[in-house]
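Below: the structure, in structure tokens.
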Amino acid sequence: MSYWLMKSEPEECSIDDLVRLGRVPWTGVRNYQARNFMRDDMRVGDGVLFYHSSCPEPGVTGLAEVACPAYPDATQFDPQSKYFDAKSARDNPRWLHVDVSLVRKTRLLSLAEMRGMPALEGMRLLQRGNRLSITPVSAAEWRAVTKALDAKAA
DNA sequence: GCCAACGTTGGC
DNA sequence: GCCAACGTTGGC
């Protein structure tokens with residue numbers, strides 16, 4: 001079993017949207033590394049840290065899991081979509097994604113608080129210059145995060 | 001294949 | 001709005 005951190009802009013899909021819907025298709029990823037994680041490395045049941053980015057209070061806001069194997073992203077073929085990709089062929093789709101289902105909403109574990117946790121020092125998310133919207137999380141990092149989520153805010 | 005220009009991400 | 005970091009594009 002592997003663990004992942006997946007960034008979502010709350011204006012696009014927030015933890016409350018995930019609570020309401022129960023499961024969401026992770027469409028719109030247009031970065032090859034992130035796509036490869038979903039296509040090649042994710043397995044159904046993998047743990048997901050649901051992270052709010054590009055917002056006033058960035059941080060982990062919930063736990064989720066990978067709900068299905070990767071499949072073609074429909075938005076790449078939709079000229080009306082902002083994720084439309086004219087260079088992607090229907091018989092050889094460039095972009096794939098998994099679905100993510102809710103495990104539970106948590107308190108906000110803010111980016112600032114995470115930066116203060118020694119156990120997360122090596123976390124990919126926290127590395128300088130990291131911009132990837134999907135990053136692997138080690139089992140030790142997962143344990144530290146879930147433990148912190150169950151504790152009071154620092 | 002190199003690399004400059006440009007675009008995007010995302011915290012601050 | 002700024003800007004660092006990094007990915008992508010495209011001319012050569």
Side-chain angles (χ1 to χ4, degrees), chain A residues 2-21 24-42 46-66 70-100 102-103 105-138 140-142 144-149 151-154:
Chain A
S2 305
Y3 303 98
W4 308 93
L5 181 138
M6 299 175 79
K7 296 182 190 173
S8 182
E9 301 187 12
E11 294 207 348
E12 196 148 331
C13 178
S14 71
I15 186 64
D16 290 325
D17 293 325
L18 184 58
V19 167
R20 187 162 45 82
L21 298 168
V24 294
W26 211 264
T27 55
V29 170
R30 295 294 180 267
N31 171 281
Y32 289 104
Q33 261 185 285
R35 178 205 66 182
N36 292 349
F37 283 140
M38 290 198 283
R39 187 190 63 186
D40 305 332
D41 301 325
M42 284 191 182
D46 278 1
V48 172
L49 301 175
F50 190 93
Y51 179 94
H52 281 180
S53 68
S54 295
C55 60
E57 287 194 298
V60 173
T61 57
L63 301 178
E65 64 183 25
V66 175
Y71 62 99
D73 185 335
T75 64
Q76 70 196 304
F77 303 122
D78 176 6
Q80 308 306 317
S81 170
K82 68 171 174 173
Y83 299 118
F84 178 64
D85 183 350
K87 292 181 189 163
S88 184
R90 285 211 177 253
D91 56 1
N92 184 23
R94 181 178 292 187
W95 306 111
L96 296 87
H97 64 83
V98 298
D99 287 1
V100 165
L102 178 74
V103 173
K105 181 179 175 176
T106 63
R107 76 173 177 91
L108 171 75
L109 175 62
S110 72
L111 178 59
E113 191 179 344
M114 293 172 81
R115 287 201 188 284
M117 292 169 57
L120 300 185
E121 213 172 334
M123 197 174 185
R124 181 84 169 261
L125 169 79
L126 305 180
Q127 299 314 300
R128 188 180 146 88
N130 168 69
R131 293 183 312 163
L132 259 189
S133 64
I134 298 176
T135 49
V137 172
S138 74
E141 289 160 359
W142 176 269
V145 167
T146 51
K147 190 176 164 191
L149 286 170
K152 280 238 187 280

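Chain identifiers are assigned alphabetically (A, B, ...) following the order of the sequence lines, protein sequences preceding nucleic acid strands; residue numbering begins at 1 within each chain. Values below: every heavy atom of this structure, side chains too, minus hydrogens, waters and symmetry copies.
- Listed by first and then second residue, the salt bridge (Lys or Arg N to Asp or Glu O under 4.0 Å) pairs that reach into residues 25-35 of chain A are A:Arg30-A:Asp73, sequence neighbours excluded.
- In this view, A:Gln33 and A:Asn31, A:Arg124, A:Leu132 satisfy the side-chain contact (heavy atoms from CB on, under 4.5 Å) rule, not counting sequence neighbours.
- Every residue was checked against the salt bridge (Lys or Arg N to Asp or Glu O under 4.0 Å) condition with A:Asp41, not counting sequence neighbours, and none meets it.
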Between N or O atoms, less than 3.5 Å apart, protein on one side and nucleotides 1-3 of chain C on the other: list the pairs.
none

Pick out the pairs of N or O atoms, protein on one side and nucleotides 8-12 of chain B on the other, that lie under 3.5 Å.
| from | atom 1 | to | atom 2 | distance (Å) |
| --- | --- | --- | --- | --- |
| B:dT8 | O2 | A:Arg131 | NH1 | 2.5 |
| B:dT9 | O3' | A:Arg131 | O | 3.3 |
| B:dG10 | OP1 | A:Lys7 | NZ | 2.8 |
| B:dG10 | OP1 | A:Arg131 | O | 2.8 |
| B:dG11 | OP1 | A:Tyr51 | OH | 3.0 |
| B:dG11 | OP2 | A:Ser54 | N | 3.0 |

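- Every residue meeting the ring pair (Phe, Tyr, Trp, His ring centres under 6.0 Å) condition with A:Tyr32, not counting sequence neighbours, appears here in chain and number order: A:Trp95.
- Remark: A:Ala140 engages A:Ser138, A:Arg143 in a side-chain contact (heavy atoms from CB on, under 4.5 Å) (not counting sequence neighbours).
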Donor-acceptor contacts, no H, no angles, side chain residues 10-17 of chain A, under 3.5 Å, sequence neighbours left out:
| from | atom 1 | to | atom 2 | distance (Å) |
| --- | --- | --- | --- | --- |
| A:Glu12 | OE1 | A:Lys82 | NZ | 3.4 |
| A:Glu12 | OE1 | A:Tyr83 | OH | 3.4 |
| A:Glu12 | OE2 | A:Tyr83 | OH | 2.4 |
| A:Ser14 | OG | A:Asp16 | N | 3.2 |
| A:Ser14 | OG | A:Asp17 | N | 3.2 |
| A:Ser14 | OG | A:Asp17 | OD2 | 3.3 |
| A:Asp16 | OD1 | A:Lys105 | NZ | 2.8 |
| A:Asp17 | OD1 | A:Arg20 | NH2 | 2.8 |
| A:Asp17 | OD2 | A:Ser14 | N | 2.9 |

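- Partners of A:Leu108 by side-chain contact (heavy atoms from CB on, under 4.5 Å), not counting sequence neighbours, listed by chain and number: A:Glu57, A:Thr61, A:Ser110.
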